[in-house]
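When a residue number appears, it is its place in the shown sequence, counting from 1.
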Amino acid sequence: MTIASPHLGSPDTWTDARLLYALEEVVEKELNRHLKVAKDWMPHDYVPWGDARNFPEFFEDGEEWEPGQSKVTDIGKTALVVNLLTEDNLPSYHHEIASLFGRDGAWGTWVHRWTAEEGRHGIVMRDYLLASRAVDPVKLEQFRMAHMSEGFESDNRHSMLHSVAYVAFQELATRISHRNTGHQSGDPVCDRMLARIATDENLHMVFYRNLLKEAFELAPDLTMQAVRDVVVDFRMPGHGMPGFERAAAQMAIGEIYNMRIHHDDVLQPVLRHLKVLEIDGLGPEGLQAQEELGMFMGGLDSEAAKFDEKLAARKARIAARGR
């Protein structure tokens with residue numbers, strides 16, 4: 001694709017501002033498509049209100065929280081807290097993307113629509129956790145205050161292209177994490193709720209993935225470099241929350257999110273759909289980024305294979321002890 005508009009400059013002088021302008025039409029198209037396929041849903045419909053009861057701070061009939069009050073598995077509880085605390089930082093996420101993408105036109109409409117849809121996720125997850133008494137409500141609120149008080153700054157806030165590339169992968173990663181948490185939760189109500197959230201996250205991924213595809217058409221070398229950087233340095237947005245490393249390790253062992261899942265179910269599907277490693281006609285810097293991306297994916301696959309072996313050995317030891 002060749003851009004001739006004098007407002008945009010030549011492909012050799014792409015800036016964030018010019019790319020935002022060039023992608024505006026695609027954003028509007030993708031926004032309209034999204035609004036046609038997205039379905040409104042009510043968070044309160046997914047919460048087991050009949051399981052709820054008062055807590056004792058101000059109610060005479062209140063009941064203290066106890067760990068055994070919920071049917072949710074231990075790994076399910078850990079993942080639910082991580083997923084919810086990640087959603088809790090929505091105000092910071094909104095600030096980040098509004099600053100990058102702007103508040104006007106199709107970009108602004110998308111920013112606000114995305115924020116409104118994501119807001120439902122935190123609402124329904126917190127209501128579920130409190131109604132079902134899956135986690136200690138006091139600790140949950142303490143974690144929320146600590147996490148949000150630190151704020152959030154994206155690793156990719158320096159570049160619109162890097163940000164688009166990141167969310168194309170991150171939205172899918174979030175979908176996979178929610179979906180696997182539901183499967184491992186031990187509660188069909190929780191599974192149904194997280195399946196609903198995962199559907200939203202998938203639609204958000206498609207929006208950004210299609211935008212990334214157009215970016216490759218406009219500025220293939222810059223986009224390839226952005227994808228390389230994002231994939232190599234990828235971190236989930238909740239990495240700064242209290243106890244994240246320990247929780248992430250538990251989620252990896254619990255097969256909710258680990259290197260194998262990251263490689264097979266997040267990175268590979270997006271790269272394969274966009275045929276990133278097959279794009280030709282790149283300049284020297286784009287070609288180098290493409291080669292480095294391919295090498296990184298090969299190395300990650302090898303590391304994932306080692307993790308798979310360790311996980312299989314761990315399962316075998318547990319099974320042997322249970323005989």
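Ion pair Arg260/Asp265 not flagged as a salt bridge, since none of the NZ, NE, NH1 or NH2 atoms sits closer than 4.0 Å to an Asp/Glu carboxylate oxygen. For the pair Lys71 and Asp51, the salt-bridge criterion is not met [side-chain N within less than 4.0 Å of a carboxylate O]. The pair Asp88-Arg144 does not meet the salt-bridge criterion, since no charged nitrogen lies less than 4.0 angstrom from a carboxylate oxygen.
By the 4.5 Å heavy-atom criterion applied to side chains, Arg192 and Val189 are counted as neighbours. In this structure the side chain of Val135 never reaches within 4.5 angstrom of the side chain of Lys139, judged on heavy atoms. Phe216 has its side chain within reach of Val227: a pair of non-hydrogen atoms, C-beta onward, lies under 4.5 Å apart.
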For His162 and Arg157, what are the C-alpha separation, side-chain angles and deciding distance, and is it a side-chain contact (heavy atoms from CB on, under 4.5 Å)? CA-CA 8 Å; His162 282 72; Arg157 61 189 180 279; over 6 Å; no
I'd like to know whether Tyr93 forms a ring pair (Phe, Tyr, Trp, His ring centres under 6.0 Å) with Phe152, so could you lay out the CA-CA distance, the side-chain angles of the two residues, the decisive distance to 0.1 Å, and finally the verdict. CA-CA 7 Å; Tyr93 306 150; Phe152 172 82; 5.0 Å; yes
Go through it in stages, so that I can follow the logic: the residues are Glu30 and Leu211, the test is side-chain contact (heavy atoms from CB on, under 4.5 Å), and I'd like the CA-CA distance, side-chain angles, deciding distance and then a yes or no. CA-CA 8 Å; Glu30 289 302 314; Leu211 201 56; 5.6 Å; no
Is there a side chain to side chain donor-acceptor pair (under 3.5 Å) between Glu118 and His204? Walk through the geometry before answering. CA-CA 10 Å; Glu118 288 287 341; His204 297 163; 3.0 Å; yes
Thr174/Met236 under side-chain contact (heavy atoms from CB on, under 4.5 Å): CA gap, chis, key distance, verdict: CA-CA 8 Å; Thr174 304; Met236 290 294 275; 4.2 Å; yes
Between Glu255 and Lys315, is the salt bridge (Lys or Arg N to Asp or Glu O under 4.0 Å) condition met? List the steps. CA-CA 12 Å; Glu255 297 182 86; Lys315 289 180 178 179; 2.7 Å; yes
Asp45 and Arg196: salt bridge (Lys or Arg N to Asp or Glu O under 4.0 Å), yes or no, with the steps? CA-CA 11 Å; Asp45 287 334; Arg196 176 59 262 184; over 6 Å; no
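The main-chain N or O of Arg133 is found under 3.5 Å from a side-chain atom of Trp65 such that the two form a donor-acceptor pair. Ser177 places no side-chain N or O within 3.5 Å of a backbone atom of Ala173 that could act as its donor or acceptor partner. Not one N or O on the side chain of Gln290 forms a donor-acceptor pair closer than 3.5 Å with the backbone of Gly286. Checked by atom type and distance alone, the side chain of Lys29 never pairs as donor or acceptor with a backbone atom of Glu24 at under 3.5 Å. With hydrogens and angles ignored, the 3.5 Å screen pairs no side-chain donor or acceptor of Asp187 with any backbone N or O of Val72. Judged by distance alone, the side chain of Glu214 and the main-chain N or O of Leu23 form no donor-acceptor pair under 3.5 Å. No donor-acceptor pair closer than 3.5 Å links the side chain of Trp114 to the backbone N or O of Ile97. At least one donor-acceptor pair under 3.5 Å links the side chain of Trp107 to the backbone N or O of Leu20.
Here CG of Asp221 is found 7.5 Å from CD of Glu285. Values are rounded to the nearest 0.5 Å. Separation of atoms CH2 (Trp110) and CG (Leu35) is listed at 8.5 Å; rounding is to 0.5 Å. Between the CD atom in Gln184 and the OG1 atom in Thr78 there is a gap of 12.0 Å [rounded to 0.5 Å]. Rounding to the nearest 0.5 angstrom, the gap separating the CG atom in Asn258 from the CG atom in Leu311 is 7.0 Å. With rounding to the nearest 0.5 Å, the separation of CZ in Phe296 from CG in Asp233 is 8.0 Å. Note that CG of Asp301 and NE2 of His263 are 4.0 Å apart. Values are rounded to the nearest 0.5 Å.
Counting heavy atoms of neighbouring residues, nucleotides and ligands inside a 6.0 Å radius, atom CD of Glu117 exceeds 12 of them. The environment of CG in Asp104 is sparse: at most 12 heavy-atom neighbours from other residues, nucleotides or ligands sit within 6.0 Å. For Glu150, the CD atom is loosely surrounded, since the number of other residues' heavy atoms within 6.0 Å does not exceed 12. Few gaps surround CD on Gln69; more than 12 heavy atoms of other groups in view lie less than 6.0 Å from it. In this structure, Glu25 places its CD atom where only 12 or fewer heavy-atom neighbours from other residues, nucleotides or ligands lie under 6.0 Å away. The 12-atom threshold is exceeded at NE2 of His34, counting heavy atoms of other residues, nucleotides or ligands nearer than 6.0 Å.
If you run side-chain contact (heavy atoms from CB on, under 4.5 Å) between Tyr257 and each of Val266, Thr181, Asn180, only Val266 comes through. Of the residues Gln170, Arg179, His121, the one that meets the side-chain hydrogen bond (donor to acceptor under 3.5 Å, both in side chains) test with Glu201 is His121.
Here the shortest heavy-atom pairing between Leu161 and Asp16 reads N-OD1, 4.3 Å. Ala38 and Arg113 make their closest contact through CB-NH2, 4.2 Å (heavy atoms, listed as atom of the first residue, atom of the second, distance). Counting all heavy atoms, side chain and backbone alike, Leu218 lies closest to Trp14 at O-NE1, 3.3 Å. When all heavy atoms of Leu140 and Leu85 are compared, the pair lying nearest together is O-CD2, 4.4 Å. Ser163 and Leu100 get closest at one heavy-atom pair: OG-CD1, 3.0 Å. In terms of heavy atoms, Tyr46 sits closest to Met193 at CD2-CA, 3.9 Å.
Both Trp49 and Leu129 sit in one connected hydrophobic cluster of ILVMFWY residues. Membership requires side-chain heavy atoms under 4.5 Å apart, directly or through other members. When hydrophobic clusters are built by joining Ile, Leu, Val, Met, Phe, Trp and Tyr residues whose side-chain heavy atoms come closer than 4.5 Å, directly or via intermediates, Leu31 is not grouped with Leu203. In the hydrophobic clustering of this structure, Leu80 does not group with Ile123; members are Ile, Leu, Val, Met, Phe, Trp, Tyr whose side-chain heavy atoms approach within less than 4.5 Å, directly or through other members. Met259 and Met295 fall into different hydrophobic clusters, defined by Ile, Leu, Val, Met, Phe, Trp and Tyr side-chain heavy atoms under 4.5 Å apart, directly or through other members. When hydrophobic clusters are built by joining Ile, Leu, Val, Met, Phe, Trp and Tyr residues whose side-chain heavy atoms come closer than 4.5 Å, directly or via intermediates, Leu271 is grouped together with Phe234.
At least one test fails for Arg53 against the ring of Phe59: distance under 6.0 Å to the centre or angle within 45° of the axis.
In this model, a donor atom of one side chain and an acceptor atom of the other lie less than 3.5 Å apart for Trp41 and Asp200. In this model, a donor atom of one side chain and an acceptor atom of the other lie less than 3.5 Å apart for Glu87 and His178.
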